[in-house]
Amino acid sequence: MNDPQHGVTPSDGSGAPGLHIHGSVTGSQIAVGNEHVTQNQINHTTAAVAPGYAELADLVRELLARLPEQGLGAQEREDTEAAANEVLDTISGTDEPEPGRLRRSLTMLRGALAPVATGVAAGTTVGAQEWALSAIQGLTGLG
């Protein structure tokens, strides 16, 4: 795998395979040192939303956009992203979402935000608690 076609060699002169990314990789997919890879991605920013769920989709997309600014730990951020994406997956498409799945996904998202809203999550930025509380309130009654 030291063959240049099978890796990215850094310009630091070490000759060791490596990957250097500068800037945000949000929404990106990367495969390195892999001859056979299949990647799939749903872009929630443009996906069709079931009729009547546009407000919820906008709220969740805004939540995802502002999430990196909140200073959450890696696990809390990952849990919140996963829960938000599950909500978007549930309401994506032109068919009415299955009510039980939507209820569960919204509950998971509110649950992921609860430690931030209550101040339990360490490392959050100033204003993150109010942001999370506002997001939970916004999610309540939608869906």
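In what follows, residues are counted from 1 in the order of the sequence shown.
Taking both residues in full, the closest heavy atoms of L72 and R77 are given as O-NH1, 3.3 Å, listed atom of the first, atom of the second, then distance. Across all non-hydrogen atoms, the minimal contact from A128 to V116 is O-CG1, 3.5 Å.
No continuous path of ILVMFWY side-chain contacts below 4.5 Å connects V87 to L133, so the two sit in separate hydrophobic clusters.
Proximity of a side-chain donor or acceptor of S134 to a complementary backbone N or O of E130 within less than 3.5 Å is not detected.
Residues that satisfy the side-chain contact (heavy atoms from CB on, under 4.5 Å) test with A50, not counting sequence neighbours, are Y53, P97. For the side chain to side chain donor-acceptor pair (under 3.5 Å) test, no residue two or more places apart in sequence or in another chain qualifies with E98. Evaluation of the side-chain contact (heavy atoms from CB on, under 4.5 Å) rule for R66 yields E62, E69, Q70, W131 as partners, not counting sequence neighbours.
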Checklist entry - Checking side-chain hydrogen bond (donor to acceptor under 3.5 Å, both in side chains) for the pair N85/E81: CA distance, chi angles, key distance, verdict? => result CA-CA 6 Å; N85 283 322; E81 283 179 356; 5.7 Å; no

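Contact annotation: the side chain of V49 never approaches that of L56 to less than 4.5 Å [non-hydrogen atoms, C-beta and beyond].
The number of heavy-atom neighbours closer than 6.0 Å to CD of E96, taken from other residues, nucleotides and ligands shown, is above 12.
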Listing, residues 105-114 side-chain donor-acceptor contacts under 3.5 Å, not counting sequence neighbours, or none:
unit_1: S105; atom_1: OG; unit_2: R101; atom_2: O; d: 3.2
unit_1: S105; atom_1: OG; unit_2: L102; atom_2: O; d: 3.0
unit_1: T107; atom_1: OG1; unit_2: R103; atom_2: O; d: 2.9

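Taken from CG in L64 to OG1 in T80, the straight-line distance is 9.0 Å, to the nearest 0.5 Å.
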